[in-house]
Amino acid sequence: MTSRSLPRTTAVATLLTTALAAGLLGGAASATADSAAAAPVRIHDIQGSTRISPLVGKQVADVEGIVTGVRTYGSKGFWFQDATGDGDAATSEGVFVFTSAAPTVAVGDAVKVSGTVTEYVPGGLNSGNQSLTQLSKPTVTVVSSGNAVPAPVLIDSRTVPSRYAPSGDPAAGGSINGLALNPRRYALDYYESLEGTNVRVGTSRVVGATDAHAELWVTVKPHENDNRRGGTVYGSYDAQNTGRIQIQQLAPLAQQPFPKANVGDVLSGGATGPLDFNQFGGYTLTAQSLGKVVDKGLKREKTRKQGRGELAVATYNVENLDPTDPQEKFDALAKAVVDNLASPDILALEEIQDDNGAKNDGTVAAGQTVKKFTDAIAAAGGPAYSWTSIDPENNKDGGEPGGNIRQVFLYNPARVSFTHRAGGDATTATGVVREKGHAALTLSPGRIAPSSTAWENSRKPLAAEFRFRGEPVIVIANHFGSKGGDEALTSHHQPPVRSSEVRRLAQAQTVNTFVKDALKADRRANVLVLGDINDFEFSATTKALTDGKALRAAVTSLPRSERYSYVFQGNAQVLDQILTSPAIDDFRYDSVHINAEFADQNSDHDPQVLRFRP
């Protein structure tokens, strides 16, 4: 069994206890040693009615319960649970015991545990993640074995509230850690009230495909923002989709392979096991028993072929493609271009790496990468694409060190012509002039404002000018800054802090200004802004791109349930976009779902295609 769980250390636990005492996470250690010793401590006393244990930092002795799950890999330990409980819905009756070494107890053991109450933050204090209440440095006594495990709490559409989370306490920096749990009103409070408890989900629909880390996502609310392909759509910052829950298994993969599932498949029989909290998805059902996946036959989509008078423009993030990748990846991506995207006239690629991939030796050229890809497209029956791009400065555009990812335009010379204007390089900015009544680039291809701080350690936009049936078209390929550093939806800050937006907002404003310059030169200019925008259609980034009605986010022409190009933690969402200038007011848009919903992926992004008549 592989695991992304990070090691838990005494230093981390001590640091967290200190932070809690200082109020840095919105909680405080409120119990005294005298009160802790006044009566036998039970698990619900440790968990308390807030996210932070009232006994944090304290020693507890002979806490009784029944073992409900054992984890022998990753973050090793076991869960145990009070067999009777206190009847308070806000206090969990289960808790995790961190043993560091493989635990020696078994499911069904009645145990007494002594140890230190700690709060562990997966990902560290600066991640914004909630903490997991646990017992550390334990002494464990097995009283008896073969006992009945406490019946699992059923998580379903009736028990999970429709509201996601309370608003954070302004006095605690927006944290919800110090707020009393209200599990009947808020989904996050409900899940927190079950932290460490033996829980169950029934037969459920898969909304996040099995990934490389042996985990998938289901929803217990089948009608919550659902779409026709089986996913659940993230349509706003207030539509977090409360029914999503991550499923892992406790059995090592060597003993029990994890099922492979696509979005829309059904986990028949559901899953039962302790409810954990981890860095990579928050509340996670760690399955002691796991049902079977029923294949519902999800098919990869195919867009239609463009008409003779239609220009088809597409964008596709090919996920760090370089010549060291197996030929099978090139062939699969090429087949998708031909069969699923119907060989678009212009194809903007993101994440094309240099000719030796992640080898960090100063190589920046990507001619071999592109040739290997265009050869594969031709071999798959596609057109003999020509291409244009600009090599970045070494290690100045972010991404994998040494990889030098960049955007590349492929174009079909039998259908479109490329207008080359020499002089573009990694550091020279292209501009817009009026030429023969039309907006024209001063450099084609050229980069937009490459010296701007908005693009520091980030991919610079690549602009190129094409002609289709005599009409000029300016296309701007983008790969905005990633969401790295943003807090998760399950953050103890509510709403979560989205620190990465600052970078993308500046990038969007820069591109918007460039488009406005083109429209000043020709208000009827055909301009397309496309690529991996790394942000939603309702985000501040998209609003900045469309400012002044310079652009329209074409994905908003689709029904809300069809607006997605990526699936993250069970949320189908928009990251890849094509935006159009006002002159392009009659178009057909297609988000072609061939990757994001599937366990087997050639990329983690779905390509986008737009067809129009210039």
Side-chain angles (χ1 to χ4, degrees), residues 207-209 217 224-241 244 263-264 300-301 303 313-319 340-341 348-351 407 459 461 476-484 486 488-489 495-496 498 500-501 503-505 507-508 511-512 528-547 551-580 584 587-598 601 603-610:
V207 293
W217 289 76
E224 184 178 47
N225 296 319
D226 60 326
N227 67 27
R228 62 182 176 83
R229 290 175 61 82
T232 184
V233 177
Y234 183 60
S236 76
Y237 293 125
D238 297 319
Q240 299 95 334
N241 293 311
R244 295 171 303 111
V263 168
R300 288 176 165 83
E301 290 187 332
T303 197
V313 183
T315 177
Y316 196 5
N317 183 320
V318 292
E319 197 173 11
N340 301 93
L341 304 187
L349 302 172
E350 298 86 52
E351 295 199 13
Q407 299 88 272
R459 284 71 55 183
I476 303 169
N478 301 274
H479 187 180
F480 282 8
S482 78
K483 290 183 173 293
D486 285 3
L489 293 180
R498 300 187 295 270
S500 71
E501 282 188 349
R503 165 70 61 88
R504 287 191 301 280
L505 182 61
Q507 293 174 344
V511 173
N512 174 265
L528 291 168
V529 171
L530 77 176
D532 181 358
I533 302 301
N534 260 321
D535 224 334
F536 315 121
E537 77 279 19
F538 51 80
S539 66
T541 300
T542 301
K543 290 177 181 177
L545 279 170
T546 60
D547 179 70
L551 293 166
R552 174 189 177 184
V555 71
T556 60
S557 68
L558 298 177
R560 290 184 182 274
S561 63
E562 299 302 313
R563 299 175 189 175
Y564 63 97
S565 69
Y566 193 83
V567 178
F568 182 68
Q569 296 183 350
N571 272 329
Q573 56 196 246
V574 168
L575 290 187
D576 308 85
Q577 296 198 49
I578 301 178
L579 299 98
T580 60
I584 307 173
F587 58 81
R588 297 295 180 269
Y589 189 82
D590 196 356
S591 183
V592 188
H593 304 305
I594 61 175
N595 288 317
E597 300 164 314
F598 295 89
Q601 299 178 340
S603 167
D604 49 354
H605 293 252
D606 287 333
Q608 313 294 293
V609 179
L610 182 140

Got a second to check how far [X]'s [atom1] is from [Y]'s [atom2], nearest 0.5 Å?
X      : Y      : atom1 : atom2 : result
Phe480 : Arg504 : CZ    : CZ    : 9.5 Å
Glu537 : Ser557 : CD    : OG    : 11.0 Å
Leu551 : Leu545 : CG    : CG    : 6.5 Å
Gln573 : Ser565 : CD    : OG    : 8.0 Å
Leu610 : Phe587 : CG    : CZ    : 6.0 Å
His605 : Thr315 : NE2   : OG1   : 9.5 Å

Taking ring pair (Phe, Tyr, Trp, His ring centres under 6.0 Å) as the test, write out the residues that go with Tyr316, two or more places apart.
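Per chain and number, Tyr316 pairs via ring pair (Phe, Tyr, Trp, His ring centres under 6.0 Å) with no residue.
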
Checking His479 now: which residues fulfil ring pair (Phe, Tyr, Trp, His ring centres under 6.0 Å) with it, not counting sequence neighbours?
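Once residues adjacent in sequence are excluded, His479 has no partner under the ring pair (Phe, Tyr, Trp, His ring centres under 6.0 Å) criterion.
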
Show every salt bridge (charged side-chain N to carboxylate O under 4.0 Å, His left out) that has at least one partner inside residues 557-569, sequence neighbours left out.
Arg228-Glu562

Ring of Tyr237, cation from Arg498 - is the NZ or CZ under 6.0 Å from the centre and inside 45° of the axis?
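Yes, Arg498 lies over the aromatic ring of Tyr237.
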
Quick one, [X] and [Y] - any side-chain contact, counting heavy atoms below 4.5 Å?
X      : Y      : answer
Thr541 : Ile533 : yes
Pro461 : Gln507 : no
Leu528 : Thr580 : yes
Phe568 : Lys483 : no

List the atom of [X], the atom of [Y], and the distance in Å for their closest heavy-atom pair.
X      : Y      : value
Ala348 : Ala477 : CB-CB, 3.9 Å
Val555 : Tyr589 : CA-CE2, 3.6 Å
Pro607 : Asn595 : CD-ND2, 4.5 Å
Ala508 : Ala544 : CB-CB, 3.7 Å

Under the salt bridge (charged side-chain N to carboxylate O under 4.0 Å, His left out) test, residues paired with Lys543 that sit two or more places apart:
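For Lys543, no residue satisfies salt bridge (charged side-chain N to carboxylate O under 4.0 Å, His left out) once neighbours in sequence are set aside.
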
Glu224: salt bridge (charged side-chain N to carboxylate O under 4.0 Å, His left out) partners, not counting sequence neighbours:
none

Look only at the side chain of Arg244 and the backbone of Gln569, and say whether a donor-acceptor pair between them is shorter than 3.5 Å.
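Yes, because the side chain of Arg244 sits within donor-acceptor range (under 3.5 Å) of the backbone of Gln569.
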
Check each of Asp226, Asn241, Asn225, Asn227 against Thr232 using the side-chain hydrogen bond (donor to acceptor under 3.5 Å, both in side chains) test, and report the only one that passes.
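Checked Asp226, Asn241, Asn225, Asn227 against Thr232; only one passes side-chain hydrogen bond (donor to acceptor under 3.5 Å, both in side chains): Asn241.
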
Who pairs with [X] by side-chain hydrogen bond (donor to acceptor under 3.5 Å, both in side chains), at least two apart in sequence or on another chain?
X      : result
Thr546 : none
Asn478 : none
Thr542 : Ser539, Gln577

Which residues pass the side-chain contact (heavy atoms from CB on, under 4.5 Å) test with [X], sequence neighbours left out?
X      : value
Phe598 : Arg229, Asn262, Leu298, Arg300
Ala314 : Pro344, Leu347, Val609
Gln240 : Tyr164, Leu489
Asp604 : Glu319, Tyr566, Gln601

Before giving the answer on side-chain contact (heavy atoms from CB on, under 4.5 Å), spell out for Leu530 and Gln608 the whole-Å C-alpha distance, their side-chain angles and the decisive distance to 0.1 Å.
CA-CA 9 Å; Leu530 77 176; Gln608 313 294 293; over 6 Å; no

No-hydrogen, no-angle side-chain donor-acceptor test under 3.5 Å, Ser591 and Asp606
no

Among Asn317, Asp532, Asp535, side chain to side chain contact (heavy atoms under 4.5 Å, CB included) partner for Leu575:
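In the set Asn317, Asp532, Asp535, the residue that makes a side chain to side chain contact (heavy atoms under 4.5 Å, CB included) with Leu575 is Asp532.
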
